[in-house]
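Report on the structure given below.
Within every chain, numbering begins at 1; the chains are lettered A, B, ... in the order of the sequence lines, protein sequences first and strands thereafter.
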Amino acid sequence: MEISIKGVRKEFGSVAALRGVDLDIASGELVALLGPSGSGKTTLLRLIAGLEYPEGGQILFGGEDASLLPVKNRNVGFVFQHYALFRHMTVADNISFGLRVRSARRRPAREAIDARVRELLSLVQLPDIGERYPHQLSGGQRQRVALARAMAIDPAVLLLDEPFGALDAQVRKDLRRWLRELHAETRHTTVFVTHDQEEALELADRVVVMNHGVIEQSGRPEELYRHPSSAFVFGFLGSANIFPARVSAGAVHLEGMERPFAPAPAGQPDGRYRLFVRPHDLRPTDQPGLGFVGVVQEARFLEGIHRIAIAITGRRDPVELHLPAHETPPAAGSRIHLASERFGLFAA
Amino acid sequence: MIDTLAHASLPPPPKPHELATARAVTRAATGEAPAIRLLLIAAAILFLTLFLFAPLALVFTEALRQGVVKFIGALTQKEALAAIRLTLITAGISVPLNLAFGLAAAWAIARFRFPGKSLLLTLIDLPFSVSPVISGLVFVLIFGAQSLIGPWLSAHGIKIVFALPGIVLATIFVTLPFVARELIPLMQEQGADQEEAALSLGASGWQTFWHVTLPNVRWGVLYGVLLCNARAMGEFGAVSVISGHVRGLTNTIPLHVEVLYNEYAFSAAFAMASLLALLALVTLALKTFLEWRFAGELANGLRH
């Protein structure tokens, strides 16, 4: 079901958690709400679920105003960060809970419920654990049971709060891929919250970056990574070297460097800026006249990338440079000349 | 290749003798000299014997000094039976009421933010900090003949002071904190996630309470009820002030023990007292069992 959020505001006491959020989620879409803690992403998720109510604005489910509908009438599948499985019930009872609490008129027959539980258990690839209790399961298994429980009620939308937050790295990777496949199979409209940019970029059709209670930018993962619209998004998605810079006479200069860094982008007004450049967009170069010079401090090799720290006069933190594995990293102590054509300029 | 690399980067496992040294060092750091240890243990045992085991043993030996027949005779006297019945009625009314109150208060405090919350928390603790005699006296002052509503009550034939209602009121007041105090930290620790999950799955408020909230705190509830009951049956001070000590009518077991004792009916007094001692032992056994079996499901912070 498509969801439309219009100008939603939420305050907790005097603290504004959301200050006017607009977002449209298409039916079947897999959307990530990404942001640092305190950015309002979890509040937005809870507002969609009906676990909180907005102070202003509207939340529409399939065109109908659901802003003030209580959670029990919204038909949402919510997966909690710590799963919130009912610990005194077996896995099967957990999954069937949403069906069993229905009024007699809407409740499926017992055989139908049992069949649905079996179907969901096999969907989450845990066919044989129906009789176990939550404390007998691993974190990854609990996560999947929580998802099966949420899907049992055929929710209009699946909402996941930091779905992989409490799991260790390997399990997290496997579950991410699994969730991606599951979504491709079931096409549930899904919104999940994460503070992990890698998770958001890998999993979502669309990433919504939030900060200080507003949406900074929203778009396809690659689009966001390549064309971040603000300093915050640039810095939050992937790593970046940040320099104080100024634009004058058609060129970008890094503060304290004599030669220009690059030609200024067309139409960029003169003034002070912060320049962002990704470690893998920096390139060693022989071309004179542009870029900057530094001294190689150390080079490490990790996950197929040479990660090189470069000291620059007048700058406290070293600049980070990434080179692909097949290139030979420069020796420590050697001088290196770097330049880049891809960078972001944002108001200082 | 990758395997060997991974192994190479790990520190070698500690050799057995290194482990042994490490253990010896820890023990030395926390331990005391054997003589001091012995002295401390002996002091603890002596203290416990003097103040706990000996009095307890004395209660039972005194109760049975003149034989089992006399013991049973003392317990089946008309006035003794009346005291036992009154105690059971009092506990039977006040414990369920405090259970309901404790659940409601704990739920409100653990789940919601509202003005006056910390005041409510403090008030729940009040009966623990006020002398029971004062608790009894307060009810005498509110409902007694000299009070504002006293004349109105007596005009309508409603007896509160020196009667069952007063005893129940005083008992409820004194035992008010037990269930709530056990449940508040437990419910705070568990958080609202499971309840929110139940609601999001379409459960109503009552379904959530019966199927999720209550089962999650059931052992905590039982623990609180146990302690509440022990106190309700054993309360002396508050009940003593408000009951008026009418033999066979407003004497609970503890009050009856005092009456018998003052009349030098020692073995009868101890026979009644042994009932309370037995209640204490059963409570203690059940409490220990609960703590042992369901440690994780009881509030960790507070023990009474």
- Item | Residue B:Ser204 versus chain A: region with a heavy atom under 4.5 Å | both

- All heavy atoms of A:Ile153 vs all of A:Arg102, minimum pair found to be O-NH2, 3.7 Å

- Query: What parts of residues 43-52 of chain A touch chain B if we use heavy atoms and a cut-off under 4.5 Å?
  - Reply: A:Arg46, A:Leu51

- Item | Which portion of B:Ala192 sits near chain A, non-hydrogen atoms under 4.5 angstrom | neither

- Query: With the threshold set at 4.0 Å, does a side-chain nitrogen-carboxylate oxygen contact exist between B:Glu195 and B:Arg111?
  - Reply: yes

- Query: Between A:Leu159 and chain B, which part of the residue has a heavy atom less than 4.5 Å away: side chain, backbone, both or neither?
  - Reply: neither

- Task: Sort out for me which of A:Met89, A:Arg149, A:Arg100, A:Arg74 touches chain B most, counting heavy-atom pairs under 4.5 Å.
- Result: A:Arg149

- Partner of B:Ser94 under side-chain contact (heavy atoms from CB on, under 4.5 Å), picked from B:Leu169, B:Thr171, B:Ile89, is B:Thr171

- Considering residues, nucleotides and ligands other than A:Arg110, do more than 12 of their heavy atoms fall under 6.0 Å from its CZ? no

- Note on the structure: Only residue of A:His195, A:Gln81, A:His82 satisfying side-chain hydrogen bond (donor to acceptor under 3.5 Å, both in side chains) with A:Glu162 is A:His195

- A:Phe86 versus chain B, heavy atoms under 4.5 Å apart: side chain, backbone, both or neither? both

- Hey, do the aromatic rings of B:Phe112 and B:Trp107 have their centres closer than 6.0 Å? yes

- Task: Measure from the ring center of A:Phe164 to the ring center of A:Phe192 and say whether it is less than 6.0 Å.
- Result: no

- Carboxylate-amine/guanidinium contact A:Arg116 A:Asp154, below 4.0 Å: yes

- Task: Could you check which of A:Leu85, A:Asn75, A:Asn73 has the highest count of heavy-atom pairs closer than 4.5 Å to chain B?
- Result: A:Leu85

- Message: Can you tell me how far apart CD (A:Glu55) and CZ (A:Arg9) are? Round to the nearest 0.5 Å.
- Response: 7.5 Å

